[in-house]
Amino acid sequence: MARALDLTPAQVVLAFLAAVSPNVLLIPGTSSMRHLEENLAVSRVELDAPTIARLEGAFAGRDR
């Protein structure tokens, strides 16, 4: 899914969490300037409803 969206797996997870939990403040760790830029880029990612549904299915039954 990350490849299809041209994102990293971490970006997909962060975008998903932001989409389904808008009241949660995401504070991802970063170890380099590149990671910081990737994390900041997530604020511009908007996942569509089918993508969110697929991710919800992938995480079904797991604690968030």
Inset, instruction - Just jot down the side chain to side chain contact (heavy atoms under 4.5 Å, CB included) partners of A2, sequence neighbours excluded, or say none. - result: P9, V12
Legend entry - Pairs satisfying side-chain hydrogen bond (donor to acceptor under 3.5 Å, both in side chains), at least one member in residues 9-20, at least two apart: T8-Q11
Legend entry - For D48, all residues meeting side chain to side chain contact (heavy atoms under 4.5 Å, CB included), sequence neighbours excluded: P50, T51
Inset, instruction - Would you please name every residue forming a side chain to side chain contact (heavy atoms under 4.5 Å, CB included) with S31, sequence neighbours left out? - result: H35
Inset, instruction - Please tell me if the side chains of V13 and L55 come closer than 4.5 Å, counting only heavy atoms from C-beta onward. - result: no
Legend entry - Minimum heavy-atom distance between V42 and A15, given as atom pair plus value: CG1-N, 3.6 Å
Inset, instruction - Please collect all salt bridge (charged side-chain N to carboxylate O under 4.0 Å, His left out) contacts where either partner lies in residues 13-33, sequence neighbours excluded, each pair once. - result: none
Inset, instruction - Mark yes or no for whether T30, through its side chain, and S32, through its backbone, hold a donor-acceptor pair below 3.5 Å. - result: yes
Inset, instruction - Flag yes if V45 and M1 sit in one hydrophobic cluster, no otherwise; membership is Ile, Leu, Val, Met, Phe, Trp, Tyr, and two members link when side-chain heavy atoms are under 4.5 Å apart. - result: yes
Inset, instruction - Treat each ILVMFWY residue as a node, draw an edge where side-chain heavy atoms are under 4.5 Å apart, and state whether L25 and L17 are in one component. - result: no
Inset, instruction - Consider only side-chain heavy atoms of I, L, V, M, F, W and Y, link residues closer than 4.5 Å, and tell whether L40 and I27 are in one cluster. - result: no
Legend entry - Pairs where residues 13-27 contributes a residue and the test salt bridge (charged side-chain N to carboxylate O under 4.0 Å, His left out) is met, not counting sequence neighbours: none
Legend entry - Sequence-distant partners of R3, side chain to side chain contact (heavy atoms under 4.5 Å, CB included), two or more places apart: none
Inset, instruction - With rounding to the nearest 0.5 Å, note down the distance linking CG in L47 to CZ in F16. - result: 8.5 Å
Legend entry - Listed once per pair and sorted, the salt bridge (charged side-chain N to carboxylate O under 4.0 Å, His left out) pairs that draw on residues 5-24, sequence neighbours left out: none
Legend entry - Contacts of R44 that satisfy salt bridge (charged side-chain N to carboxylate O under 4.0 Å, His left out) - sequence neighbours left out: none
Legend entry - Pairs meeting criterion salt bridge (charged side-chain N to carboxylate O under 4.0 Å, His left out) with involvement of residues 20-37, two or more places apart: R34-E38
